[in-house]
Amino acid sequence: MLSLFRQALLCLLLLWLPFSWAAEPGWLTSADNDHASVRLRADNNAKGETRLLLDVKLEEGWKTYWQSPGEGGVAPSIAWQGEMPEVSWAWPAPQRFDVGGITTQGYHNQVSIPMTSPGAPARIAGVLTLSTCKDVCLLTDYPFEITATTGDAAFAHDYAQALSSVPRPEGLTDSLSAGYHTGELVVKATRAAGWTKPDLFLVVPDDASFAKPKIQVEGDTLWATVPTSDGWDGTGPDLRGRSLSLVLAESGIAQQSTLEVKEAPVVPTPDQNFILWQVVLFALLGGFILNLMPCVLPVLGMKLGSILLVGQQDRKIIRRQFLASVAGIIASFMALALLMTVLRLTNQALGWGIQFQNPWFIGFMALVMVAFSASLFGLFEFRLSSNLTTRLATHGGNGMAGHFWQGALATLLATPCSAPFLGTAVAVALAAPLPVLWGLFLALGIGMSLPWLLIALRPGLALRLPRPGPWMNWLRKILAVMMLGSALWLASLLPAHFSTATANVSEENIAWQPLSEQAVQEALRLHKRVFIDVTADWCITCKINKLNVLSRDDVQQALQAPDVVALRGDWTLPSEQITNFLKQRGQVAVPYNQIYGPGLPEGKALPTLLSRDAVLNTLMEAKGETK
């Protein structure tokens, strides 16, 4: 009899426990699911808000789901009873689970989900519906009834700890964008600190289905390609113009963002080996072409004069002099690599020639050019430090330091020029891991050194120059004028740093408008063509493009067409907006020209050195008209 009484008492206890737990802020279980325990708590703060905390504990191997479960599962939900104000859920960063080719987003072991309400009633009741899965999935209801506490220190500690696992709106990425194109969502993110184990979690729209993201990392840039589908034709809805919520996670840091989906950018090929050798070739070619740009011409002239002004020299001396200049070029490119490394590690803007955005650098270079010019005019002999006791080659000295600094000066004067192939090589270098960055800058230095190395290997080429004579005095004056012209050009860049006036474009009839992503999208929405010109006063290549192409009458007329919007970005001074605009397009140098339109919704970049045909033909292509 006693045994039967005990059994009956136990049954009554089992029936009573769920109702007991529902009335107390303790853990709840279900007879239908012994793999999970849940607990709800609430507390009122000094502002009159109610903070709620949902704790979930799971057995080993079991999982529950995030606000957007992925390709399977159901997100936790609560059906509130009575007059419950709106409750906002703050979801901790999830994890990814891949089983049988299906990817889901959720939590394992345990999770605490914080919530807030503008002010809950004294009695808070409802039913929590929780989906848990392992080999099978269970959908369990947990009725509850709780009363909010006030000033509970233990609750405050647990709530703060749960809130710390919720992704923040910023702090992980330097830039973030999303685009859509024919059944694929593309997310692009940059992070100066780089990526090690990134993951992406998407809040999937009701009318779409997202597969597992395919993540590719290129230096500090992350590309995530997500196949989309709505279950009918396999392509999914057009997401352009819609808002998308996502969480990007990396090494314990998570960031939640809401983005407007635009046209998807082109994702680079993952064939790293092919890219690397190709970019190394671009670096060599780009460095070599720098010798042909007008920025380096004064120094090349000075180097030529260093041989002519001292007559016919010994082959060994000429070889040493040019090798010293090569060393100056290589050392300068390594110094630039060091500068870019420091800028990256300190989360500063990166770009080719950005040192010309600094007025102190410009002033120093102008003084150096004035000193060289005065020396060539014979006003004084410009010597190095007494420790070196070596005169520059322009005065006939046999020391090597002068030739080293000639190479260094050539490199510094080359940086405001963006030669063909150079922009691609520098863009990849600045986005690549640091060892690749240093390797590509070394390739740039070797490429620029090639003509100098040729003379070092074949000194006889230099010895074929004309014999010394009275004409050398005229050459000396010509070189001095070239140096003085370079100094005056550098000095002309300084007023922009001490004035708020905009760049003078009065010589053009084009109605330039300020550059912005919003301006591009607005023009495309109105079915107009867009011509983008990113320039800088210190950019020699930009001035060549303006003189040879953009100032031509037929080009000016084309850019004044009613359906053409001309946007100009001035990078003379540091500009975060323009820097980000260039980075979004994989660019780090100016000039940069791009054309959009109904026929080119994704945009088409123009060559670094513009041509009339390239501009006019691409503008026609952007119309998108068919004959």
Side-chain angles (χ1 to χ4, degrees), residues 17-18 20-30 33 35-60 62-67 75-82 84-95 105-132 140 142-172 199 201 245 247-257:
L17 279 175
S20 173
W21 282 329
E24 299 292 334
W27 290 95
L28 304 177
T29 61
S30 171
N33 183 356
H35 309 290
S37 301
V38 302
R39 178 175 63 172
L40 281 107
R41 292 178 286 167
D43 186 76
N44 295 318
N45 62 17
K47 299 179 181 179
E49 297 175 331
T50 301
R51 300 177 298 177
L52 300 101
L53 195 59
L54 169 60
D55 301 315
V56 179
K57 287 184 179 180
L58 303 168
E59 286 187 354
E60 185 69 26
W62 285 78
K63 61 180 180 289
T64 190
Y65 296 97
W66 188 48
Q67 60 173 320
S77 64
I78 295 178
W80 304 99
Q81 297 177 358
M84 184 68 181
E86 182 179 356
V87 176
S88 300
W89 296 55
W91 298 89
Q95 299 162 327
Q105 305 171 148
Y107 313 98
H108 68 86
N109 295 333
Q110 64 182 44
V111 63
S112 295
I113 304 175
M115 294 172 266
T116 57
S117 174
R123 172 184 171 274
I124 303 174
V127 178
L128 165 69
T129 300
L130 186 73
S131 175
T132 55
T140 310
Y142 298 89
F144 66 90
E145 180 178 334
I146 59 176
T147 302
T149 60
T150 301
D152 188 338
F155 177 91
H157 173 270
D158 294 345
Y159 189 89
Q161 191 172 25
L163 207 59
S164 67
S165 63
V166 175
R168 296 295 182 253
E170 57 185 15
L172 176 64
D199 209 346
F201 307 94
S245 180
V247 169
L248 195 58
E250 163 63 34
S251 303
I253 305 174
Q255 173 181 313
Q256 182 153 15
S257 305

Q: Apply side-chain contact (heavy atoms from CB on, under 4.5 Å) to the pair Val247 and Trp66, showing each step before the final yes or no.
A: CA-CA 11 Å; Val247 169; Trp66 188 48; 3.8 Å; yes
Q: I would like to know whether Leu54 and Trp89 meet side-chain contact (heavy atoms from CB on, under 4.5 Å); could you show each step before the answer?
A: CA-CA 10 Å; Leu54 169 60; Trp89 296 55; 4.1 Å; yes
Q: Could you please spell out the steps behind the side-chain contact (heavy atoms from CB on, under 4.5 Å) verdict for Asn44 and Thr50?
A: CA-CA 5 Å; Asn44 295 318; Thr50 301; 2.8 Å; yes
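Contacts of Thr132 classified as side chain to side chain donor-acceptor pair (under 3.5 Å), with partners at least two apart in sequence or in another chain: Asn33. For Arg123, the salt bridge (Lys or Arg N to Asp or Glu O under 4.0 Å) partners two or more places apart in sequence, or in a different chain, are Glu145. Annotation: side chain to side chain donor-acceptor pair (under 3.5 Å) contacts of Gln110 (sequence neighbours excluded): none.
Taking both residues in full, the closest heavy atoms of Ile124 and Ala148 are given as CD1-CB, 4.5 Å, listed atom of the first, atom of the second, then distance. A pairwise comparison of heavy atoms in Tyr142 and Thr29 identifies CE2-C, 3.9 Å as the closest pair. Considering every non-hydrogen atom in both Leu52 and Trp80, the closest pair reads CD2-CH2, 3.9 Å. Taking each heavy atom of Pro92 and Pro167 in turn, the nearest pair found is C-CD, 4.0 Å. Counting all heavy atoms, side chain and backbone alike, Ser131 lies closest to Tyr65 at OG-CE1, 3.5 Å. Across every non-hydrogen atom of Leu28 and Phe144, the tightest pair is CD1-CB, 3.9 Å.
Between the side chain of Thr149 and the backbone N or O of Ala42 there is at least one donor-acceptor pair closer than 3.5 Å.
In summary, of the residues considered (Val111, Leu130, Val56), a side chain to side chain contact (heavy atoms under 4.5 Å, CB included) with Pro76 occurs for Leu130 alone.
A side-chain hydrogen bond (donor to acceptor under 3.5 Å, both in side chains) check over residues 111-120, counting only residues at least two apart or in different chains, returns the pairs Asp55-Ser112.
Rounded to the nearest 0.5 angstrom, Thr129 OG1 and Ile78 CD1 are separated by 9.0 Å. Between atom OG of residue Ser77 and atom CG of residue Leu128 there is a gap of 7.0 Å, rounded to the nearest 0.5 Å.
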Between side-chain atoms of residues 152-160 and protein atoms elsewhere (two or more places apart, or another chain), which donor-acceptor pairs fall under 3.5 Å?
{"unit_1": "Asp152", "atom_1": "OD1", "unit_2": "Ala154", "atom_2": "N", "d": "3.0"}
{"unit_1": "Asp152", "atom_1": "OD1", "unit_2": "Phe155", "atom_2": "N", "d": "3.3"}
{"unit_1": "Asp158", "atom_1": "OD2", "unit_2": "Arg41", "atom_2": "NH1", "d": "2.9"}
{"unit_1": "Asp158", "atom_1": "OD2", "unit_2": "Arg41", "atom_2": "NH2", "d": "3.1"}
{"unit_1": "Tyr159", "atom_1": "OH", "unit_2": "Met115", "atom_2": "O", "d": "3.2"}

Give every donor-acceptor pair under 3.5 Å between a side-chain atom in residues 248-256 and any protein atom, sequence neighbours left out.
{"unit_1": "Glu250", "atom_1": "OE1", "unit_2": "Thr196", "atom_2": "N", "d": "3.3"}
{"unit_1": "Glu250", "atom_1": "OE1", "unit_2": "Lys197", "atom_2": "N", "d": "3.1"}
{"unit_1": "Glu250", "atom_1": "OE2", "unit_2": "Thr196", "atom_2": "N", "d": "3.1"}
{"unit_1": "Glu250", "atom_1": "OE2", "unit_2": "Thr196", "atom_2": "OG1", "d": "2.4"}
{"unit_1": "Ser251", "atom_1": "OG", "unit_2": "Thr196", "atom_2": "OG1", "d": "3.0"}
{"unit_1": "Gln255", "atom_1": "OE1", "unit_2": "Leu172", "atom_2": "N", "d": "3.0"}
{"unit_1": "Gln255", "atom_1": "OE1", "unit_2": "Thr173", "atom_2": "N", "d": "3.1"}
{"unit_1": "Gln255", "atom_1": "OE1", "unit_2": "Thr173", "atom_2": "OG1", "d": "3.4"}
{"unit_1": "Gln255", "atom_1": "NE2", "unit_2": "Thr173", "atom_2": "OG1", "d": "3.1"}
{"unit_1": "Gln255", "atom_1": "NE2", "unit_2": "Ser257", "atom_2": "OG", "d": "3.1"}
{"unit_1": "Gln256", "atom_1": "NE2", "unit_2": "Ser245", "atom_2": "OG", "d": "3.3"}

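Side chains of Arg39 and Leu53 form no contact here, defined as non-hydrogen atoms less than 4.5 Å apart. Side-chain contact between Pro85 and Pro121 is present, with at least one heavy-atom pair separated by less than 4.5 Å. Residues His108 and Thr64 fail the side-chain proximity criterion, which asks for heavy atoms closer than 4.5 Å.
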